[in-house]
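In what follows, a structure is listed as structure tokens, so that the remarks can point back to it.
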Amino acid sequence: MVSSYRLTKQAKMIKTDDFSSVFSFRKRVASEHLIVHYLPNQQALARLGLVIGKKTAKLAVSRNYMKRVLRELFRYKQHEITHVDLIVRVQKKFNQSEFKQIKQEFDVLMTKLNHKAMLNTQKVTLAPSAQLQERS
RNA sequence: GAAGCUGGCUAGACAGUCGCCGCCUAGCAAUAGGGGGAGGAAAGUCCGGGCUGCAAAGAGCAGGAUGACGGCUAACGGCCGUACAUUGAAAUGUUUGCUGGCGAAAGCUGGCAAAUUAUAAAAUGCGGAAUAGGGCCACAGAGACGAGUAAAUUGCGCUUCGGCGCGAUGGAUGUGAAACGCGGUAACCUCCAUCUGCAGCAAGACCAAAUAGGCUGGCAUUGGCGUGGCUCGCGCCGCCAGCGGGUAGGUUGCUUGAGCGCAUAAGUAAUUAUGCGCCUAGAUGAAUGACUGUCAGCCUUAGUAAUAAGGUAUACAGAACCCGGCUUAUCGGCCAGCUUCACUU
RNA sequence: GUCCCCAUCGUCUAGAGGCCUAGGACACCUCCCUUUCACGGAGGCGACCGGGGUUCGAAUCCCCGUGGGGACG
């Protein structure tokens, strides 16, 4: 167990290529407010990308709040998540009164994802074509 | 004290745990310590500037903006003062009606309702055009700015004595406006005065990497491009269109500025001058968050009240080069001032 | 961030101050035609994005907002 709960810059996903590769992997888990896309990566940590469109919340304040909350939740859980690239999409907007529900949803999603990703990594190691796709 | 207004300030506070983004110090580094970290509107992008590039942006036209008068300002379509117009209180006054008390009566004194005038504080709006010119004015009406009509009165002339012709007058119908007053409309064109070159930090500068100096078609020094309206001027020398291909990294611009606070002086005020003190965000897939406790706040319940218990985590909303305004959104709280009325001394 | 554009029945649109109680097409509703449906015919329902201003009079002109869309190095 790593002692620090720091969120480093390496754990952030920035480039468009990363985002599109995760989306093209076409695996996801969802709850009422959130959709999480994921792709197992070769690095020693989990990486996070956030997508919150103007459609879900019109105000910049609420969009920024949602980003902060999701980043915070990821920060607490980052060492319990297997090494995947995550993209969290917000499907339905939430505010401060719904924080506890969001936290619960996030935890449930992460345990689900860990479970699924374990299965997937086994498949990936078996199938060489998926590795090729990842290298490209 | 009540009513109606105007202006300003603030935008929950404190403590703790885990984190985010710059800066400074130490360190090879990991990291550690210190200190800082959203707003009054950061918003809309409606105006005005600074700054940067285009020639130090140079001339003219076109286009655009503004418009009482005076002032303030870096500038403004902003602000302040004055004048004019419109609006503006059941608080007061006045009138009318109903009704009560006191009184022999004259009368005095209330209550309710309705109507209405004048206004206060305050809010909103503002150029000229019979005398520069053009356009438009539906319906109604004889007639919409050229002219010209029926009845009435009256003057003159003619008369077959029934009237007819010409001129003048005020008035009628209908109209937003009128019987000639050279109307109304310039938030229709235009004219007058003042201002105005264009683009915007994705401006611009530097570094690195890569591509290219390819192909096809067209025009070519009386030409083309750069200033994205035009002409001249100035600068550069191939240019334009299509096809194909390649980048879309980093540093800087980047926060000390028409800056903020206090005091004094000038001015009715906006504002200005002087002195002293202070440094107050600089992200770039975009930093301020989450949780806990106490006290405020709000809601509900109990209680005459003080208060107690429970809940809610709190308006509008997040800097992106920087300022001055305007407009729009907004839960509350505090302070100051103005007007009218009532009461006390 | 900066710079632009648009808004009219449920949909696509016409409308350059008075002819607008806003026209047309498709859609919807009712009736007729048909044994019935479709086609066709007749009628109806239904809108100027919101608020101010200019004007005698605004869908139209001016200002402020709301919503939607676009472009960039």
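Proteins come first, then strands; the chains are lettered A, B, ... in the order of their sequence lines, and each starts at number 1.
- The side-chain heavy atoms of A/M110 and A/L86, taken from C-beta on, include a pair separated by under 4.5 Å.
- Spacing between atom CG of A/L50 and atom P of B/A287 amounts to 11 Å, rounded to whole angstrom units.
- Spacing of C1' atoms, B/G226 relative to B/G53, comes out at 13 Å, to the nearest Å.
- In this structure the side chain of A/Q91 never reaches within 4.5 angstrom of the side chain of A/L34, judged on heavy atoms.
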*Start with the C-alpha distance between A/K77 and A/D107, add both sets of side-chain angles, then the distance that settles side chain to side chain contact (heavy atoms under 4.5 Å, CB included), and finish with yes or no.*
CA-CA 8 Å; A/K77 288 266 171 184; A/D107 291 351; 3.1 Å; yes
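- Whole-Å rounding puts the A/L73 CG to B/G19 P distance at 15 Å.
- Spacing between B/G81 and B/U271 at atom C1', rounded to whole Å, works out to 13 Å.
- Residues A/I35 and A/I87 have side chains not in contact (no heavy-atom distance under 4.5 Å, counting atoms from C-beta outward).
- With a cut-off of 3.5 Å on both Watson-Crick or G-U wobble distances, the partner of B/C61 is given as B/G229.
- B/A38 adopts a syn glycosidic conformation, its chi angle falling within 90° of 0.
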Are any protein N/O atoms closer than 3.5 Å to N/O atoms in nucleotides 288-291 of chain B? If there are, list each pair with its distance.
from, atom 1, to, atom 2, distance (Å)
B/U288, OP2, A/R68, NE, 2.9
B/U288, OP2, A/R68, NH2, 3.3
B/G289, N2, A/E72, OE2, 2.8
B/A290, OP1, A/Q96, NE2, 3.4

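- A/F94 places none of its side-chain heavy atoms less than 4.5 Å from the side chain of A/Q101.
- Per the geometry, CZ belonging to A/R89 stands 16 Å off C1' belonging to B/G285, to the nearest Å.
- Look at B/U328: it lacks any Watson-Crick or wobble partner with both distances under 3.5 angstrom.
- When the P atom of B/G285 is taken as reference, atom CD1 of A/I87 falls 16 Å away, rounded to whole Å.
- Between B/U340 and B/G303, the two P atoms lie 48 Å apart (nearest whole Å).
- The partner of B/G238 is B/C219, by the rule that a Watson-Crick or G-U pair needs both atom distances under 3.5 Å.
- The side chain to side chain donor-acceptor pair (under 3.5 Å) test applied to A/R47 returns A/D85, not counting sequence neighbours.
- Taking atom C1' on both B/A329 and B/A42, the two are 13 Å apart, rounded to the nearest angstrom.
- The partner of B/C161, taking Watson-Crick or G-U wobble pairs whose two distances both stay under 3.5 Å, does not exist in any strand shown.
- Going from the P atom of B/A320 to that of B/A287 covers 13 Å, rounded to whole Å.
- Every pair passing salt bridge (charged side-chain N to carboxylate O under 4.0 Å, His left out) that includes a residue from residues 28-37 of chain A is listed here, sequence neighbours excluded: A/E32-A/K92.
- B/G40 has its base syn relative to the sugar, with a glycosidic angle deviating from 0 by at most 90°.
- For the P atoms, the distance from B/G36 to B/C9 is 26 Å, rounded to whole Å.
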_Sugar-phosphate or base contact per nucleotide [nucleotides 39-44 of chain B; S, B, -; heavy atom under 4.0 Å]_ = ------
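- Across all their heavy atoms, A/V84 and A/P40 have their closest contact at CG1-CA, 3.8 Å.
- Pair check for B/A2 finds B/U340; Watson-Crick or G-U wobble, both atom distances under 3.5 Å.
- Residues A/L113 and A/V36 form a side-chain contact, since some pair of their non-hydrogen atoms from C-beta on lies under 4.5 Å apart.
- Pair assignment for B/C69 gives B/G81, based on Watson-Crick or G-U wobble hydrogen-bonding distances that are each under 3.5 Å.
- Base orientation at B/G22 is syn, since its O4'-C1' glycosidic dihedral falls within 90° of 0.
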Using the 3.5 Å cut-off, write out each protein N or O paired with an N or O of nucleotides 67-72 of chain C and the distance between them.
from, atom 1, to, atom 2, distance (Å)
C/G67, OP1, A/K58, NZ, 2.7

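- In B/G233 the O4'-C1'-N dihedral to the base is more than 90° from 0, which defines an anti nucleotide.
- B/G245 and B/U227 have their P atoms separated by 30 Å, given to the nearest Å.
- Using a 4.5 Å heavy-atom cutoff, the side chains of A/V29 and A/K116 are in contact.
- Among residues two or more places apart in sequence or in another chain, the side chain to side chain donor-acceptor pair (under 3.5 Å) test is passed with A/R75 by A/E72.
- In this structure, B/G7 and B/C335 make a Watson-Crick or G-U wobble pair, each of the two defining distances being under 3.5 angstrom.
- Heavy-atom distances to RNA chain B give each of A/N64 and A/V51 a nearest nucleotide, and the one nearer the 5′ end belongs to A/V51.
- In this entry the base of B/U280 is syn relative to its sugar, with a glycosidic angle within 90° of 0.
- A/K67 has its NZ atom 17 Å from the P atom of B/A283, to the nearest Å.
- Across all strands shown, nothing is found opposite B/A74 as a Watson-Crick or G-U wobble partner with both distances under 3.5 Å.
- Under the 4.5 Å side-chain criterion, counting only non-hydrogen atoms from C-beta, A/H33 is not in contact with A/V90.
- For A/K103 and B/U292, the NZ to C1' distance is 12 Å, given to the nearest whole Å.
- Only the P atoms considered, B/G282 is 41 Å distant from B/G337, to the nearest whole Å.
- Cluster annotation: A/L39 and A/V51 are assigned to the same hydrophobic cluster (Ile/Leu/Val/Met/Phe/Trp/Tyr, side-chain heavy-atom contacts under 4.5 Å, transitive).
- Looking at every heavy atom in both residues, A/K67 comes nearest to A/L50 through O-CD1, 3.8 Å.
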